[in-house]
Amino acid sequence: MRLRIEELTLVNTSRTVRFEPGMNAIVGSMSGGKTATVSCLRALLGAEVSVVPELRGRSISGTVLIGERRFRIVRQLVSTSTAKVDIAEIGGEHEVWRLPASQLQAGYDQTFRDWWLSMLNLPRIRVPRAPTDETSPLIPVTISDYLMYCVLRQKEIDTSVFGTPDNTQKNIKRKYVFEILYGLYDPEAAGLRERLRAVTTELNALTADATTLERILETTAFASRAELEVQRQETEQQLLQARQADQALTRQLTQPATVSLREQIAEAEAELARISDAAAAEAVSVSRLEELRDQLIAQSRRLTRALVAERLLNDFEFHTCPRCGAGVPDRGDDATCRLCLQTPPQDPAPSTLAAEQDRVIEQVTETEELIKRSKGRLDELEAARSAQTRRRTALGEKLDLATATYVTDQTERIRTIAAEQARLEEHLARIDDALAVHNRLQGQSERIAELEREQEDLNNRIAASRHSNPDVHARLDRLDEAFEAALRSFDAPRFDSQPGSRINRETYMPVVDGRSFTDLQSQGVEVLVNVAHVLAHQQVALHDDAMALPNLLIIDGISSNVGHEGIDLVRLRKMYATLLETATEHIDRLQIIVTDNDSPPIDGIHRALELSDSDRLVPTQSADEQSRNDEEASGDADANDLT
């Protein structure tokens with residue numbers, strides 16, 4: 001993937017560095033800030049912030065080209081993982097992002113370093129912290145890890161390959177990135193490794209648990225499953241016999257004498273309930289009859305008053321007005337009232353009222369007889385209930401006496417049977433618990449065997465995927481060829497023991513004529529080997545679109561420990577020439593940025609930044625003011641020219 005840095009600016013200063021396609025150089029004295037510039041470039045590319053004190057807290061902005069898209073990035077140089085980074089696309093779709101640097105927060109779907117992986121089409125993979133331990137926690141492969149193959153830092157250029165000796169974790173990540181870039185760690189293999197990790201974790205846990213269970217069982221009386229099964233059968237048989245004895249004793253407690261008493265008590269209680277219901281019904285009947293009698297007596301009294309009124313008031317005539325006392329003259333006829341001249345109402349005949357009264361008196365008499373009869377019946381029911389209650393009490397006392405006498409006689413036997421039954425039930429429960437442990441152990445053994453088969457199958461599939469892709473082997477062969485060609489173009493010192501250079505297929509470290517990197521013993525040679533190494537990776541990626549390595553190479557301190565006289569100067573020029581030739585050949589895809597104390601010993605390299613002890617990366621205030629004054633003076637001169 002094409003990756004090009006076009007501009008780097010220290011915000012609120014006059015320092016702006018513009019880079020060109022091809023090869024660029026940053027030159028200056030050792031205290032000018034070349035390495036600090038590389039740190040700013042790494043921060044712009046999503047790596048962790050690690051800068052000199054003069055830059056801490058400042059902000060940088062830069063323009064980068066990723067493929068065919070151009071972006072403006074502004075980032076504050078702080079180590080806070082949640083510090084926000086602003087990104088805006090220049091042209092194109094004009095997308096805008098504001099993302100936390102490296103720690104995902106609520107409301108965000110990615111971080112700044114994740115954004116870089118997405119833009120560069122680099123796989124987002126989580127790998128075990130310890131490759132040899134599949135149960136170790138998973139850690140992400142970040143943009144900083146991929147940049148190890150793009151940025152050769154000054155502190156490791158002449159001592160190690162990507163800082164491996166003093167940083168085990170970084171060395172692990174270096175190997176993972178190598179496998180990812182060259183196809184040794186493909187997505188299918190990653191999924192297989194993830195499953196292998198889960199299988200190994202479960203297998204280890206089950207194995208440890210099974211070992212613990214076996215050790216516990218060995219120290220108990222339940223170690224033998226066969227013996228447990230025999231004991232369970234015997235205990236079940238003994239428990240059955242104890243329960244049968246208990247049932248027999250229960251039947252004895254319900255002997256004929258007590259059975260008869262219980263039956264009599266039940267009959268007495270039923271009769272008592274019947275009498276109580278009948279008494280209640282009879283009491284209700286008495287109450288209703290008394291109410292009927294009272295109603296009949298009241299009716300008889302009303303009839304008596306009607307008869308008296310008929311006899312005494314029937315022929316009464318008014319000769320004097322009851323209101324004014326004047327005499328009432330004869331008027332009307334026999335059918336009308338002499339006083340009001342109206343026809344009087346037809347009253348019942350006295351004989352009819354007398355007959356009705358006689359009938360009511362007879363009903364009263366009959367009702368009183370019914371009341372008397374019901375009260376007599378109620379008294380009889382109360383007497384019967386009292387007698388039945390006394391009988392029930394007597395029967396209950398007889399049953400209590402009979403039962404107490406028998407239970408007292410059988411107390412010891414009852415206690416013995418109950419104790420034996422409880423003991424057998426508890427022993428059976430212990431046996432069942434022990435058998436459950438054996439069942440669990442058996443299930444674990446079966447699961448362990450299943451996991452071991454799956455683990456072996458996963459290891460075989462991972463090994464097959466690692467070696468089955470012919471493109472991987474071809475890519476590694478091209479890496480060997482590019483590495484050897486780079487060393488020869490540098491005219492690096494060689495050794496005669498085993499001519500030829502290659503990349504070790506186990507450690508992925510460079511091997512020069514049979515010697516590993518740690519055995520070279522010359523810092524100057526190590527610099528040449530390191531530069532040839534990173535250049536070889538870029539040359540392989542330039543000719544293989546399937547390789548996801550970003551096409552950017554930053555080399556800090558390229559001439560460190562390389563002599564500047566005689567043959568050493570010739571080698572230095574050849575190294576520069578090879579880098580320039582590669583960058584020029586692939587000028588539209590590969591950008592190379594190098595830093596050096598001195599100017600490049602050959603022409604054709606763009607000097608993007610020149611620093612010195614007096615003109616450091618972070619300009620002083622006076623320098624900024626002088627720059628602004630120069631710009632203002634230039635503006636005034638342009639205005640005068642126009643006038």
Next on the checklist: Does Val38 form a side chain to side chain contact (heavy atoms under 4.5 Å, CB included) with Gln154? I'd like the steps, not just the answer.
Outcome noted: CA-CA 10 Å; Val38 173; Gln154 185 179 31; over 6 Å; no

Item to check | Ile66 and Trp116: CA distance, side-chain angles, deciding distance, side chain to side chain contact (heavy atoms under 4.5 Å, CB included) verdict | outcome: CA-CA 10 Å; Ile66 306 175; Trp116 267 110; 3.3 Å; yes

Checklist entry - For the residue pair Phe178 and Tyr508, does the interplanar ring angle fall in the parallel (under 30°), tilted (30 to 60°) or perpendicular (over 60°) class? => result parallel

Are the charged groups of [X] and [Y] less than 4.0 angstrom apart, N to O?
X	Y	answer
Asp86	Arg98	yes
Asp545	Arg2	no
Glu450	Arg453	no

Next on the checklist: Testing the 3.5 Å rule here: is there a donor-acceptor pair between the side chains of Thr200 and Gln455?
Outcome noted: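 Distance-only check passes for Thr200 and Gln455.
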
Over all heavy atoms of both residues, which pair between [X] and [Y] is shortest? Give the atoms and the distance, please.
X	Y	result
Tyr146	Pro123	OH-O, 2.9 Å
Gly57	Val78	CA-CG1, 4.0 Å
Ser144	Gly46	OG-O, 4.2 Å
Cys40	Leu55	SG-CD1, 3.6 Å
Pro140	Lys173	O-NZ, 3.0 Å
Ser501	Arg494	OG-NH2, 2.9 Å

Next on the checklist: Run Asp432 and Arg232 through salt bridge (Lys or Arg N to Asp or Glu O under 4.0 Å) and show every step you take.
Outcome noted: CA-CA 8 Å; Asp432 288 339; Arg232 194 179 194 285; 2.6 Å; yes

Next on the checklist: Is there a salt bridge (Lys or Arg N to Asp or Glu O under 4.0 Å) between Glu179 and Lys175? Walk through the geometry before answering.
Outcome noted: CA-CA 6 Å; Glu179 293 179 350; Lys175 296 176 69 175; over 6 Å; no

Next on the checklist: Could you go through Glu269 and Ile265, starting from their C-alpha distance and side-chain angles, then the distance that decides it, and tell me whether this counts as side chain to side chain contact (heavy atoms under 4.5 Å, CB included)?
Outcome noted: CA-CA 6 Å; Glu269 290 177 345; Ile265 288 174; 3.7 Å; yes

Checklist entry - Just how far is it from atom OG1 of Thr207 to atom CD of Glu452, taken to the nearest 0.5 Å? => result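 Here the rounded value is 6.5 Å.
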
Checklist entry - Do Lys84 and Tyr108 come within less than 4.5 Å of each other through their side chains, counting heavy atoms only? => result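 A side-chain contact under 4.5 Å exists here.
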
Checklist entry - Are the side chains of Asp145 and Tyr176 in touch, meaning some heavy atoms are under 4.5 Å apart? => result no

Checklist entry - Does CD belonging to Glu456 count more than 12 external heavy atoms closer than 6.0 Å? => result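 At most 12 heavy atoms, drawn from other residues, nucleotides or ligands, come within 6.0 Å of this atom.
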
Next on the checklist: Under the criterion ring-ring contact (aromatic ring centres under 6.0 Å, His included), I'd like the reasoning laid out for Tyr182 against His537: C-alpha separation, chi angles, the key distance, then a yes or no.
Outcome noted: CA-CA 10 Å; Tyr182 283 87; His537 289 297; 5.7 Å; yes

Checklist entry - Short question: side chain of Asn439, backbone of Leu435 - any donor-acceptor pair under 3.5 Å? => result yes

Checklist entry - Would Gln238 and His427 count as a side chain to side chain contact (heavy atoms under 4.5 Å, CB included) if you check the C-alpha gap in whole Å, the side-chain angles of each, and the deciding distance to 0.1 Å? => result CA-CA 11 Å; Gln238 294 173 4; His427 185 59; over 6 Å; no

Checklist entry - What residue among Leu3, Val151, Leu147, Leu120 forms side-chain contact (heavy atoms from CB on, under 4.5 Å) with Leu552? => result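 With Leu552 as partner, Leu3, Val151, Leu147, Leu120 yield a single side-chain contact (heavy atoms from CB on, under 4.5 Å), made by Leu3.
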
Checklist entry - side-chain contact (heavy atoms from CB on, under 4.5 Å) with Trp115: which of Ile143, Ile87, Val85? => result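 Of the listed residues Ile143, Ile87, Val85, the side-chain contact (heavy atoms from CB on, under 4.5 Å) partner of Trp115 is Ile87.
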
Item to check | Option passing side chain to side chain donor-acceptor pair (under 3.5 Å) with Gln231 (candidates Glu234, Glu227, Gln233) | outcome: Glu227

